[in-house]
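Reading through the structure tokens given below for one structure.
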Amino acid sequence: MEVDVSVVVPVFNEEGNLEDLFKRLCPVMDSTGKSWEVIFVNDGSRDSSGEILRSFHKKRPDVVKLIDFNGNFGQHTAIIAAFERVSGKVVVTIDADLQNPPEEITKLLKRIDEGYDAVGGYRKQREDTFMRRYASKFVNFMRDKMTNIRMKDQGCMLRAYTRDIVKAVLSTNERSMFIPALAYTFASNPDEIEVEHAQRQSGTSKYNLYKLIRLNFDLITGFTLVPLQLFTIFGFLSAIGSFLLVGILLFRRFFMGVEAEGVFTLFAILFFLVSMTLIGIGLIGEYVGRIYQVVQARPKYILRETVGFENPAK
């Protein structure tokens with residue numbers, strides 16, 4: 001049965017936040033006057049998150065649905081699993097950690113009602129560590145320069161999409177996807193609004209430094225060829241520079257005699273060029289790796305069960 005709004009909440013080890021989230025989310029959505037559902041995706045939690053989510057379904061079987069993975073497949077994969085099963089005309093994504101207050105959802109829905117097809121939130125004042133804030137600024141800067149995606153805050157998962165945008169995202173069938181950026185590329189009338197950001201009440205962030213780097217590799221390699229083009233340009237410039245350097249050395253060798261003073265400078269240049277070559281090979285490997293993942297055709301996730309859907313899967 002189609003509803004007005006589907007709220008998608010990926011969950012991984014958030015037992016300390018779920019009760020408060022549910023207590024705040026239900027009144028907010030009930031107050032909108034729209035029909036709604038909330039789809040929780042238990043992404044292989046090792047704490048009691050799964051049991052808590054099942055209790056929510058017992059309390060509100062009319063709106064609560066659950067997708068339970070048999071392992072941890074990642075936040076964006078969890079969202080995709082929910083996208084495949086939503087019945088809402090509008091789909092809202094929100095994290096379970098309460099750093100994005102559920103009360104802000106009404107702001108997104110208002111903008112969707114005004115005709116926008118993808119509305120993202122950007123955090124008014126980030127309540128994160130110094131490293132997280134400035135790493136995010138750097139990544140946003142790099143994305144802005146290398147792609148045609150213009151978002152103020154790509155890391156904020158409080159977002160709303162029309163059903164057409166969700167269908168377009170699903171049609172790509174990509175293995176490694178960055179959903180906010182992908183949705184932006186399909187949107188004909190996107191918008192961003194300022195939203196509140198709170199300190200995490202319980203638990204710790206599930207994104208360590210490696211996962212943040214991994215996620216941003218997916219973003220850059222998934223939406224632009226600029227890095228490869230920059231390395232191609234660098235290769236041409238290095239070739240020209242090397243040719244000129246060889247000419248200078250030959251001139252000095254034949255007209256000024258044998259010299260050894262510049263050997264360490266040559267080593268420094270060589271080490272720099274070798275390092276850049278290794279970076280370039282790694283970058284090419286990222287693009288090839290994305291192709292490899294698609295060719296493997298492995299399932300994105302494995303379900304343990306679903307709860308609250310008309311055709312439950314086990």
Side-chain angles (χ1 to χ4, degrees), residues 1-12 14 17-18 20-43 53 56 60 62-67 75-124 151-170 177-184 186-187 189-198 308-309:
M1 181 180 69
E2 188 176 68
V3 296
D4 294 325
V5 183
S6 294
V7 181
V8 173
V9 188
V11 177
F12 179 59
E14 293 288 357
N17 295 310
L18 291 176
D20 285 343
L21 172 64
F22 189 64
K23 290 178 182 178
R24 293 167 60 180
L25 177 65
C26 288
V28 169
M29 295 307 302
D30 287 338
S31 68
T32 63
K34 300 176 182 288
S35 58
W36 65 283
E37 66 179 4
V38 55
I39 301 177
F40 292 99
V41 186
N42 183 26
D43 187 22
L53 295 176
F56 292 165
R60 292 290 305 268
D62 57 321
V63 296
V64 176
K65 299 179 180 180
L66 171 63
I67 299 172
Q75 181 189 43
H76 290 260
T77 300
I79 293 174
I80 287 298
F83 278 5
E84 292 173 345
R85 294 165 174 81
V86 294
S87 55
K89 300 174 185 176
V90 178
V91 181
V92 176
T93 61
I94 185 172
D95 286 335
D97 57 14
L98 284 176
Q99 287 197 274
N100 292 130
E103 291 79 10
E104 299 291 87
I105 291 176
T106 55
K107 294 181 180 180
L108 303 180
L109 297 180
K110 181 179 179 181
R111 300 299 278 171
I112 291 289
D113 289 341
E114 292 173 359
Y116 296 96
D117 54 359
V119 181
Y122 61 90
R123 290 164 281 196
K124 180 178 180 181
M151 292 188 296
K152 294 181 180 179
D153 188 357
Q154 67 187 37
C156 181
M157 290 305 295
L158 181 57
R159 297 179 178 274
Y161 312 109
T162 62
R163 188 68 175 275
D164 288 340
I165 298 298
V166 170
K167 289 179 179 178
V169 170
L170 291 175
M177 63 175 65
F178 194 94
I179 293 172
L182 195 59
Y184 179 92
F186 293 129
N189 191 21
D191 188 32
E192 284 188 289
I193 60 172
E194 186 179 76
V195 295
E196 299 291 336
H197 191 245
F309 294 89

Let me confirm one number: the [atom1]-[atom2] distance from [X] to [Y], rounded to the nearest 0.5 Å.
X: Asp43; Y: Phe12; atom1: CG; atom2: CZ; answer: 6.5 Å
X: Phe186; Y: Asp164; atom1: CZ; atom2: CG; answer: 12.0 Å
X: Ile39; Y: Leu53; atom1: CD1; atom2: CG; answer: 12.5 Å
X: Tyr122; Y: Leu158; atom1: OH; atom2: CG; answer: 13.0 Å
X: Thr162; Y: Lys167; atom1: OG1; atom2: NZ; answer: 9.5 Å
X: Asp4; Y: Met29; atom1: CG; atom2: CE; answer: 9.0 Å

Side-chain heavy atoms of [X] within contact of [Y], under 4.5 Å:
X: Arg159; Y: Val92; result: no
X: Val11; Y: Val9; result: yes
X: Gln99; Y: Cys156; result: no
X: Thr32; Y: Val5; result: no
X: Asn17; Y: Glu14; result: yes
X: Arg60; Y: Cys26; result: yes
X: Ile94; Y: Pro102; result: yes
X: Val119; Y: Glu192; result: no

Pairing donors with acceptors under 3.5 angstrom, does anything connect the side chains of Ser6 and Glu37?
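There is such a pair (donor and acceptor under 3.5 Å, judged by atom type) between the side chains of Ser6 and Glu37.
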Side chains of Asp95 and Gln75: any donor to acceptor distance under 3.5 Å?
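There is such a pair (donor and acceptor under 3.5 Å, judged by atom type) between the side chains of Gln75 and Asp95.
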If only atom types and distance count, is the side chain of [X] paired as donor or acceptor with the main-chain N or O of [Y] below 3.5 Å?
X: Asp117; Y: Asn189; result: yes
X: Arg163; Y: Val91; result: no
X: Arg85; Y: Ala81; result: yes

Can you name the nearest heavy-atom pair linking [X] to [Y], along with the distance?
X: Glu104; Y: Glu196; value: OE2-N, 2.8 Å
X: Ala187; Y: Ile165; value: CA-CD1, 3.7 Å
X: Ile112; Y: Ala118; value: CD1-N, 4.3 Å
X: Pro190; Y: Tyr116; value: O-CD2, 3.9 Å
X: Ile79; Y: Pro10; value: CG1-CG, 4.1 Å
X: Leu21; Y: Ala96; value: CD2-CA, 3.9 Å

Using 30° and 60° as the class limits, which term best fits the ring planes of Phe56 and Phe22: parallel, tilted or perpendicular?
parallel
Derivation of the side-chain contact (heavy atoms from CB on, under 4.5 Å) call for Val3 and Val63
CA-CA 10 Å; Val3 296; Val63 296; over 6 Å; no
Under the side-chain contact (heavy atoms from CB on, under 4.5 Å) rule, what do Val169 and Tyr161 come out as? Steps first, then yes or no, please.
CA-CA 10 Å; Val169 170; Tyr161 312 109; over 6 Å; no
Output, in order, the C-alpha distance, side-chain angles, deciding distance and verdict of side-chain contact (heavy atoms from CB on, under 4.5 Å) for Val90 and Leu109.
CA-CA 8 Å; Val90 178; Leu109 297 180; 4.0 Å; yes
Could you walk me through whether Lys65 and Val41 satisfy the side-chain contact (heavy atoms from CB on, under 4.5 Å) test, starting with their C-alpha distance in whole Å, then the side-chain angles of each, then the deciding distance to 0.1 Å, before giving a yes or no?
CA-CA 9 Å; Lys65 299 179 180 180; Val41 186; over 6 Å; no
